[in-house]
Amino acid sequence: MFSNSAVESQFLYNEKDYHLNQGVPISLPCSVAAYYLPFWHYTTPMVARQGQEKKAMRSVVLASYAIKRR
């Protein structure tokens, strides 16, 4: 995931103890997330820094792999 400096905040809430209650900031300049599906989550709307709304951008690069369990 990549965010530019115009992004103020954005969070990913994932499931813990059957509730979407564990928030992780994802508005970092660069980050990596890896998880098994199904992965219950909610992404909050991206919030731009004041006056930089048109510049704010966050990109996600996705890859999917099939892992054979033994």
Side-chain angles (χ1 to χ4, degrees):
M1 296 176 276
F2 305 97
S3 297
N4 65 9
S5 60
V7 176
E8 177 73 31
S9 67
Q10 189 171 28
F11 290 88
L12 176 102
Y13 282 87
N14 58 318
E15 181 264 333
K16 183 178 180 182
D17 299 327
Y18 306 105
H19 299 283
L20 293 172
N21 59 5
Q22 187 170 6
V24 179
I26 57 173
S27 58
L28 305 170
C30 181
S31 60
V32 174
Y35 45 83
Y36 284 111
L37 294 175
F39 175 68
W40 297 102
H41 66 283
Y42 169 75
T43 305
T44 63
M46 183 180 67
V47 177
R49 295 187 189 280
Q50 188 172 4
Q52 298 186 29
E53 291 83 0
K54 291 186 179 184
K55 295 179 185 178
M57 182 174 61
R58 182 174 163 269
S59 301
V60 177
V61 179
L62 298 173
S64 181
Y65 300 95
I67 298 173
K68 185 175 181 179
R69 295 185 183 189
R70 293 180 185 205

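One is the number of the first residue; the rest follow in order along the sequence.
Contact between S5 and R49 at its shortest, heavy atoms only, is O-NE, 2.8 Å. Minimum interatomic distance between R58 and I26 (heavy atoms only, all atoms of both residues): NH2-CD1, 3.2 Å. Across all their heavy atoms, A56 and N4 have their closest contact at CA-OD1, 3.7 Å.
Note that the CG atom of N21 and the NZ atom of K16 stand 7.0 Å from one another [nearest 0.5 Å]. Taking CG of N14 as the start and NE2 of H19 as the end, the distance is 13.5 Å to the nearest 0.5 Å. Annotation: the span from M46 atom CE to E8 atom CD amounts to 11.5 Å, rounded to 0.5 Å. For the atom pair M1 CE and T43 OG1, the distance stands at 9.0 Å (nearest 0.5 Å).
Hydrophobic side-chain contacts under 4.5 Å tie V61 into a cluster, directly or through other members, with F2.
For residues 41-66, the ring-ring contact (aromatic ring centres under 6.0 Å, His included) pairs, not counting sequence neighbours, are F39-H41.
Both L12 and V60 belong to a single network of hydrophobic side chains, linked directly or stepwise wherever heavy atoms of I, L, V, M, F, W or Y lie under 4.5 Å apart.
Residues that satisfy the side chain to side chain contact (heavy atoms under 4.5 Å, CB included) test with F11, not counting sequence neighbours, are S9, Y13, P25, T44.
Between the side chain of Q52 and the backbone N or O of Q50 there is no donor-acceptor pair closer than 3.5 Å.
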